[in-house]
There are 2 protein chains.
Amino acid sequence: MNGQFQIAIHILTLLDQANDELLSSEYIAGSININPALVRKEIRNLRNYGLINSKEGKTGGYSLGKAPNNIALSDVYKAVKSHPALGQAKNLPNPACAVGRQINQHLDDLAAEVDTAIISKLTKITLADFSQKFK
Amino acid sequence: MNGQFQIAIHILTLLDQANDELLSSEYIAGSININPALVRKEIRNLRNYGLINSKEGKTGGYSLGKAPNNIALSDVYKAVKSHPALGQAKNLPNPACAVGRQINQHLDDLAAEVDTAIISKLTKITLADFSQKFK
DNA sequence: TTGTACTGTAACTTTTTTAATTACAGATGA
DNA sequence: TCATCTGTAATTAAAAAAGTTACAGTACAA
């Protein structure tokens, strides 16, 4: 997996600490040490999941879309996840082989089970819990 | 993550089905549909973990290093894993920011917790269980 | 009503990671 | 002593991720 989850959590933690004061993408980028456009891109995605509100214009910026104790880290995981954590088989195994013929299906099932375990773990932790560590 | 786990499971399943008959890297590569040198490279790693035996020379090939009911899928996961499943923060956040200063530590802790959950899940499934699906 | 400071988004480039290929030395048995 | 394997390194190619640049659109305020 890539660093999207880390960036998302970083952003959300900053927004929680800001206490509904709007933060700009430039400020957030300064804390993470990445490009503001990248922050905006990531936020666009999180906003689609209702995790962040944005306001355009001169006094614009970002704030949390929900109460931090109502944001489970699994929500963040689901929002940024593009592949199962175990990875996805991208080979095209030999269909003439009894194993090759059906392994991708079984591997996908397994990956789904693991993702379920991850989500179950992350559902127990809220953004409020995580953010608490910085106070 | 990359496809190493999938390839490793594929190889181990083939070896289990072979019932101690030695398989060549070329045969294995033919089932997975990848390059034999890649198979040998992956096997080198798995062998370091005692999961596979190899024999050189004309009648050489590969076999399981342990009984399949004694190989947990978590063993395979540990063998191929190079990064935590959640990903690793590779940014260098701003140390002047209260959040930036300590977030990587907390993110790493979280990633470790998630990895523990994955391993706990995969420990309950053996290669024998998985391989059973193909019989 | 005009300037300023933001967000939103697309297009592009660079970097990093992963996969694939090639080649050949070494081992073993027929 | 030849054929058929493994072991491994070096290289190239392909794919994915990260970073950059640019600019249109929006909203507030002087």
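Just so it is clear: chains get the letters A, B, ... in the order the sequence lines come, proteins before strands, and each one is counted from 1.
In Glu26(A), the CD atom is not crowded: 12 or fewer heavy atoms of neighbouring residues, nucleotides or ligands sit closer than 6.0 Å. Counted within 6.0 Å of OH on Tyr27(A), heavy atoms from surrounding residues, nucleotides or ligands total 12 or fewer; the atom is thus considered open. Around CG of Asn48(A), the count of heavy atoms belonging to other residues, nucleotides or ligands within 6.0 Å exceeds 12.
Between Ser24(A) and dC6(C), a side-chain N or O to OP1/OP2 separation shorter than 4.0 Å is absent. OP1 or OP2 of dT6(D) has not a single side-chain nitrogen or oxygen of Tyr27(B) nearer than 4.0 Å.
Taking each heavy atom of Leu22(A) and Gly60(A) in turn, the nearest pair found is CD1-C, 4.0 Å. Heavy atoms only, all atoms of each residue included: Cys97(B) and Ser31(A) are closest at SG-OG, 3.2 Å.
Side chains of Asp16(A) and Thr13(A): a donor-acceptor N/O pair is absent below 3.5 angstrom, by distance only.
Note that CG of Leu86(A) is 6.5 Å distant from CD of Gln6(B), once rounded to the nearest 0.5 Å. The structure places CD1 of Ile9(B) at 11.0 Å from CD1 of Ile32(B), a figure rounded to the nearest 0.5 Å. Rounding to the nearest 0.5 angstrom, the gap separating the CG atom in Asp129(A) from the CG atom in Leu110(B) is 11.0 Å.
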(request) Treat primed atoms plus P, OP1 and OP2 as sugar-phosphate and everything else as base, then score nucleotides 25-30 of chain D 5' to 3': B for base contact with protein heavy atoms under 4.0 Å, S for sugar-phosphate contact only, - for none. (result) -BBB--

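In this structure, Gln88(A) places its CD atom 13 Å from P of dA19(C), rounding to the nearest Å. One can place CD1 of Ile28(B) at 18 Å from C1' of dA20(C), the figure rounded to the nearest angstrom. What separates CG of Asn91(B) from P of dA18(D) is a distance of 9 Å, to the nearest Å. In this structure, Tyr62(A) atom OH and dC6(C) atom P are separated by 11 Å, rounded to whole Å. Residue Glu26(B) contributes atom CD, which lies 17 Å from atom P of dA3(D) at whole-angstrom precision. As rounded to whole Å, 7 Å separates atom P of dA18(D) from atom CD of Gln4(A). Look at CG on Leu92(B): it is 14 Å from P on dA18(D), rounded to the nearest Å.
Rounded to 10 degrees, the angle separating the terminal helix axes of the helix from dT1(C)-dA30(D) to dA30(C)-dT1(D), each built from five base pairs, is 0°.
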(request) Could you check Val76(B) against Phe130(B) for side-chain contact (heavy atoms from CB on, under 4.5 Å), going step by step and ending with a plain yes or no? (result) CA-CA 12 Å; Val76(B) 183; Phe130(B) 188 82; over 6 Å; no

(message) Pair Lys81(B), Asp115(B) - check salt bridge (charged side-chain N to carboxylate O under 4.0 Å, His left out), show working.
(response) CA-CA 10 Å; Lys81(B) 161 174 145 57; Asp115(B) 266 351; 2.7 Å; yes

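Within residues 30-54 of chain B, the residues having any heavy atom under 4.0 Å from DNA chain C are, by residue number, Ile34(B), Asn35(B), Ala37(B), Leu38(B), Arg40(B).
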